[in-house]
Amino acid sequence: MKKRVAVVMGGTSHEAEISLKSGAAVSAALREAGYDVVEARLTKDSADEVPRDVEAVFIALHGGYGEGGGIQAALDALKLPYTGPGARTSALCMDKVATKEVLAKAGLAVPKGCVLRAAEAEQPCPLPLPAVVKPPRDGSSVGLSKVTEPEQWAEAVRLACAQDAAGEALAEVYIPGREWAVGVVNGQALPVLEIQAPNGWYDFHAKYAAGVSKHVYPPEDALTEKVQRLAEQAYAATACRGAVRIDFRVTPEGEAFILEINTAPGCTATSLLPDAAARAGKPFAQLCAELIEGAQCD
């Protein structure tokens, strides 16, 4: 029998239901790989419910405490190794505004945008339309709006602010083109995966409802290779470790803009990272085993 490990899932964020699905899938995969698995379903923002008699922790939490550095800092204090980036990097990547600043300093392209508060919602849109408005510190496309008409602007800003922990909204110029995602495992990019969502809009429903979006692998060429290298550079610039997923918009002219870095990617039946890993010849059980073997704490 291999080491005893805990899979941490659930939590208090609005992504808790998705986290439970990820956690169940990861638990099954680790058991298939021969691990003694304990499922830890968190009901509060604390590591109190994480068993202490384990050798490593697989973090299958999404959003909030689980993805923003909270559980990572708690596990560091307990000296329990865990999967994924450390507390500082997790907190950075959870904040889309801070992440954009780091990536821009590293010479990587990000969409132009601005940060607003709800009190500014009635002011004219400072960006050319169409624009995208989203919470800067949330995931799973919750609170995300595409603004195509000026009268949609105020509601979109208020919706994003209501979802954000700091009451802010991030507005960005809409990048026409394709939605690409690149998983990076231990610094190495997986195959580029294109998401074909209804009407080109990858919202919460398109992301998690089975059969709504299609996962397509573009032909491997100079453009896909370029985006893979950009993903690896973003991984390094933000001091990531373990497995992350980096989301891009790619224009018809071949310009690639980084939208965000997901430090606890979904591991459900419709999730992108496991799909891409399998495409690269790495079955899900093997991927999960590799990640738990690389678990560490700061």
Side-chain angles (χ1 to χ4, degrees), residues 1-94 139-140 183-187 235 239-245 261-269 271 273-274 277-278 282-298:
M1 179 67 71
K2 294 185 180 179
K3 65 178 64 171
R4 180 174 171 82
V5 300
V7 178
V8 178
M9 64 186 86
T12 62
S13 81
H14 61 260
E15 298 177 76
E17 184 178 345
I18 303 302
S19 170
L20 291 173
K21 293 179 180 179
S22 288
V26 169
S27 297
L30 288 173
R31 290 190 181 104
E32 179 184 337
Y35 291 88
D36 179 13
V37 179
V38 180
E39 296 184 13
R41 302 190 176 200
L42 301 195
T43 60
K44 54 186 177 180
D45 290 345
S46 165
D48 291 348
E49 295 163 300
V50 178
R52 304 298 194 261
D53 62 338
V54 296
E55 297 174 69
V57 176
F58 195 112
I59 297 177
L61 293 167
H62 305 316
Y65 178 76
E67 201 167 349
I71 188 67
Q72 292 81 6
L75 294 175
D76 284 335
L78 294 170
K79 301 191 183 307
L80 279 177
Y82 54 88
T83 57
R88 182 174 297 182
T89 292
S90 296
L92 167 67
C93 293
M94 192 67 180
S140 289
V184 183
V185 178
N186 297 328
Y235 183 99
C240 284
R241 67 183 188 224
V244 307
R245 192 190 77 241
I261 300 176
N262 299 274
T263 57
C267 291
T268 69
S271 296
L273 183 76
K282 188 173 296 188
F284 190 43
Q286 180 183 337
L287 172 66
C288 292
E290 181 178 324
L291 296 177
I292 201 69
E293 289 298 326
Q296 59 181 289
C297 54
D298 291 335

Query raised in the report: Would C297 and L75 count as a side chain to side chain contact (heavy atoms under 4.5 Å, CB included) if you check the C-alpha gap in whole Å, the side-chain angles of each, and the deciding distance to 0.1 Å?
Result: CA-CA 7 Å; C297 54; L75 294 175; 5.8 Å; no
Requested in this report: Run the numbers on S19 and S22 for side chain to side chain donor-acceptor pair (under 3.5 Å), then give the verdict.
Outcome: CA-CA 5 Å; S19 170; S22 288; over 6 Å; no
Requested in this report: Could you walk me through whether V50 and L42 pass the side chain to side chain contact (heavy atoms under 4.5 Å, CB included) test, one step at a time?
Outcome: CA-CA 8 Å; V50 178; L42 301 195; 4.2 Å; yes
Report task. Show your working on side chain to side chain contact (heavy atoms under 4.5 Å, CB included) between N262 and E67 and close with a plain yes or no. Result -> CA-CA 8 Å; N262 299 274; E67 201 167 349; 4.3 Å; yes
Report task. Please test F58 against L291 for side chain to side chain contact (heavy atoms under 4.5 Å, CB included), starting from the C-alpha separation and ending with a verdict. Result -> CA-CA 8 Å; F58 195 112; L291 296 177; 4.0 Å; yes
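No more than 12 heavy-atom neighbours from other residues, nucleotides or ligands sit within 6.0 angstrom of CZ on R88. Counting non-hydrogen atoms of other residues, nucleotides and ligands closer than 6.0 Å to CD of E49 gives a total above 12.
Expressed to the nearest 0.5 Å, how far OH of Y65 lies from OG of S46 amounts to 5.5 Å. Remark: K79 NZ to D298 CG distance equals 10.5 Å, nearest 0.5 Å. In this structure, the separation between NE2 on H62 and CE on M9 is 10.0 Å, given to the nearest 0.5 Å. Of the inter-residue distances, the one linking L273 atom CG with T268 atom OG1 reads 11.0 Å to the nearest 0.5 angstrom. The CD atom of Q72 lies 8.5 Å from the OG1 atom of T83; values are rounded to the nearest 0.5 Å. A distance of 9.5 Å separates OG1 of T263 from CG of L92, quoted to the nearest 0.5 Å.
Pairing each heavy atom of R245 with each of G266, the nearest pair is NH1-N, 4.4 Å. Nearest approach of G23 to V7, heavy atoms of both residues: O-CG1, 3.8 Å. Here the closest non-hydrogen pair linking A264 and L61 is CB-O, 3.3 Å. Considering every non-hydrogen atom in both A243 and V185, the closest pair reads CB-CG2, 4.1 Å. When all heavy atoms of F284 and C267 are compared, the closest pair comes out as CZ-CB, 3.8 Å. Minimum interatomic distance between S90 and G69 (heavy atoms only, all atoms of both residues): CB-N, 3.6 Å.
Taking the side chain as every heavy atom from C-beta outward, I292 and E55 never approach each other to under 4.5 Å. Between I261 and C240, the closest side-chain pair of non-hydrogen atoms falls below 4.5 Å.
The backbone N or O of G84 lies less than 3.5 Å from a partner atom in the side chain of R241, making a donor-acceptor pair.
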